[in-house]
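So the structure is just underneath, and the comments pick up after that.
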Amino acid sequence: MNELLQFVVRHGYMLVFAWVFVEQAGLPVPSAPLLLAAGALSGTHQMNLGTAISFATLGAMASDAMWYELGRQKGVRVLQLLCRISLEPDSCVRRSQVRFGQNGPRVLLIAKFVPGLNAMAAPLSGIIRMGWRRFLLFDFLGALLWVCAFTMTGYTFSSDLERVAARAAYLGEWLLVLLLAAFAGYILWKFYNRRKFLRKLKIARISPEELKEKLDAGEDILVVDLRHSLDFEANPETIPGALHVDAAELEEAYEVIPRDREIVLFCACPNEVTAARLALLLRSKGITRIRPLSEGYEGWRSRGFPLSLAKTETGDAEAAKV
C-alpha cells in the first residue's frame with residue numbers, strides 16, 4: 001500500500017485520469033485501489049480531493065464517450081470486441097440489453113458498479129442512438145457517483161490506510177509479489193470462467209451458406225430471429241421468412257414448437273450465445289432438429305445475402321431486399 005501511495009503522489013492526477021480511462025476502456029486493471037489511494041492522500045493533504053475526483057470522472061467519461069461513438073458507428077459488432085477484451089461471458093451482452101430495455105438511460109447511473117454491465121452500457125447507448133446530451137448527463141452522474149464512492153471512502157479512512165501502509169512496508173517486495181500474484185490469479189480465473197462458459201455452448205451449427213442453399217431449394221425450415229429488441233430496432237431487416245421472437249417467449253412456448261421441421265436460430269450475440277444456449281435447452285426437451293446459425297445475423301448480412309422485414313403476427317412478410 002505504501003508503494004501504491006507514493007506511486008500516486010509521484011505521478012499525480014494524470015495517473016488517476018489514465019488509469020481510470022484504461023479500465024473503463026475494457027482492460028482488466030481495477031481502478032478501485034487507485035481511487036482509494038487518491039482519497040487517502042487527499043485525507044493527508046498530499047492531493048486535492050476535488051481535483052482527484054474531477055480527473056477520475058473525466059477519465060471515465062472520456063472512455064465512455066469513445067465507446068458510445070463506436071456503438072453509434074459500428075453497431076452490435078463493437079460488443080463482440082468488448083466481450084473479448086473484458087473477459088466477461090458473452091451473455092453479459094444480453095443481460096445488459098435487458099436492463100437497458102427495462103430502465104433506459106437510468107442504467108448509466110449504476111452501470112459502473114455492476115460487472116459486465118459497466119463494459120456494455122456506453123456502446124449500447126450509442127447503438128440505441130441515445131442523444132448525446134442525455135448520454136453525457138447520465139454518464140456524468142454515474143461516473144461521479146462511482147468515483148466518489150471510492151475516493152470518499154479512502155478520504156474518510158485515510159488514517160487507517162496509512163497504518164496499513166506502514167505495516168505493509170515491513171513485507172517489502174513480498175507484498176508486491178503477492179499483489180501481482182493476486183492480480184494474475186484474478187485474470188486467470190476470469191479467463192477460465194469464460195472458456196468454461198463457451199465450452200458449455202458447443203453445439204453443431206449451420207453455416208450461412210448452407211442455410212441459404214436450403215432456403216433457395218425451398219426446404220421447409222423455420223428460421224427464428226432471437227435478436228433483442230434493441231438490436232432489432234437498429235437493424236429491422238432479417239433473413240427472408242424469419243420469425244422474430246424473444247428468446248424468453250420461445251423458451252416458455254417450447255411445447256408448440258414443431259418437431260417435424262428443421263429449426264434454425266440466430267441472434268446478434270458474440271459466439272451466438274443466445275441461439276446456442278436456447279438450442280441446447282430445447283434439445284433437452286426433445287426438439288432435436290434445431291441448430292444455431294454460425295456467425296449469427298452479422299455473418300448472414302456480411303455475405304450480402306438477401307434480407308427482408310420480419311414476419312408479422314399474421315405470418316406475412318415483406319418482399320426480400322437483395
Next item on the list: Salt-bridge test for Lys214 and Glu209: reply yes if a basic N is under 4.0 Å from a carboxylate O, no otherwise.
Entry: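 The answer is no: the pair does not qualify as a salt bridge.
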
Checklist line | Pair Arg205 + Glu295: basic N to acidic O under 4.0 Å | finding: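 Between Glu295 and Arg205 there is no salt bridge, as every charged N stays at least 4.0 Å from the carboxylate O atoms.
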
Taking all atoms of both residues into account, what is the closest heavy-atom pair of [X] and [Y], and its distance?
X: Ala111; Y: Ala121; answer: CB-CB, 3.7 Å
X: Val20; Y: Gly59; answer: CG1-C, 4.1 Å
X: Pro306; Y: Lys212; answer: CD-CE, 3.7 Å
X: Ala56; Y: Val16; answer: CB-CG1, 3.6 Å
X: Phe150; Y: Ala32; answer: CE2-CB, 3.6 Å
X: Arg291; Y: Ile206; answer: NH2-CD1, 3.5 Å

Does [X] reach the side chain of [Y], with side-chain heavy atoms less than 4.5 Å apart?
X: Ile127; Y: Lys74; value: no
X: Leu226; Y: Val224; value: yes
X: Asp64; Y: Phe135; value: yes
X: Lys112; Y: Leu145; value: no
X: Leu265; Y: Leu293; value: no
X: Leu144; Y: Ile53; value: yes

Has [X] got a side-chain atom pairing as donor or acceptor with [Y]'s backbone, closer than 3.5 angstrom?
X: Tyr155; Y: Thr44; value: no
X: Tyr68; Y: Leu136; value: no
X: Ser302; Y: Gly299; value: yes
X: Arg289; Y: Asp260; value: yes

Pairwise distance [atom1]([X]) to [atom2]([Y]) - rounded to 0.5 angstrom:
X: Asp225; Y: Thr238; atom1: CG; atom2: OG1; value: 3.5 Å
X: Arg303; Y: Ser207; atom1: CZ; atom2: OG; value: 7.0 Å
X: Gln24; Y: Trp19; atom1: CD; atom2: CH2; value: 13.5 Å
X: Cys267; Y: Leu278; atom1: SG; atom2: CG; value: 9.5 Å
X: Leu35; Y: Thr153; atom1: CG; atom2: OG1; value: 10.0 Å
X: Ser308; Y: Ile239; atom1: OG; atom2: CD1; value: 9.0 Å

Note to self: For the residue pair Arg227 and Tyr297, would you count it as a cation-pi contact if the rule is NZ or CZ under 6.0 angstrom from the ring centre and within 45 degrees of the ring axis?
What the structure shows: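 The answer is yes; both the distance and angle limits are met.
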
Checklist line | Arg134, CZ atom: more than 12 neighbouring heavy atoms under 6.0 Å | finding: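 Atom CZ in Arg134 is not crowded, with 12 or fewer foreign heavy atoms closer than 6.0 Å.
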
Notebook entry, point to check: In terms of the angle between their ring planes, are Phe17 and Phe55 parallel, tilted or perpendicular, with boundaries placed at 30° and 60°?
Noted result: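 Rings of Phe17 and Phe55: perpendicular, as their planes differ by over 60°.
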
Margin query: Under the criterion side chain to side chain contact (heavy atoms under 4.5 Å, CB included), I'd like the reasoning laid out for Phe138 against Ser125: C-alpha separation, chi angles, the key distance, then a yes or no.
Written below: CA-CA 11 Å; Phe138 282 91; Ser125 298; over 6 Å; no

Next item on the list: Verify side chain to side chain contact (heavy atoms under 4.5 Å, CB included) between Leu215 and Val223, making sure each step is shown before the conclusion.
Entry: CA-CA 10 Å; Leu215 292 176; Val223 182; 4.3 Å; yes

Next item on the list: Take Arg261 and Glu219, measure what salt bridge (charged side-chain N to carboxylate O under 4.0 Å, His left out) needs, and give me the verdict at the end.
Entry: CA-CA 9 Å; Arg261 300 171 63 186; Glu219 295 189 25; over 6 Å; no

Check: Could you walk me through whether Leu307 and Arg301 pass the side chain to side chain contact (heavy atoms under 4.5 Å, CB included) check?
Finding: CA-CA 8 Å; Leu307 291 169; Arg301 190 173 72 165; 3.8 Å; yes

Next item on the list: Mind running side chain to side chain contact (heavy atoms under 4.5 Å, CB included) on Phe266 and Trp300 for me, showing each step along the way?
Entry: CA-CA 10 Å; Phe266 73 91; Trp300 180 275; over 6 Å; no

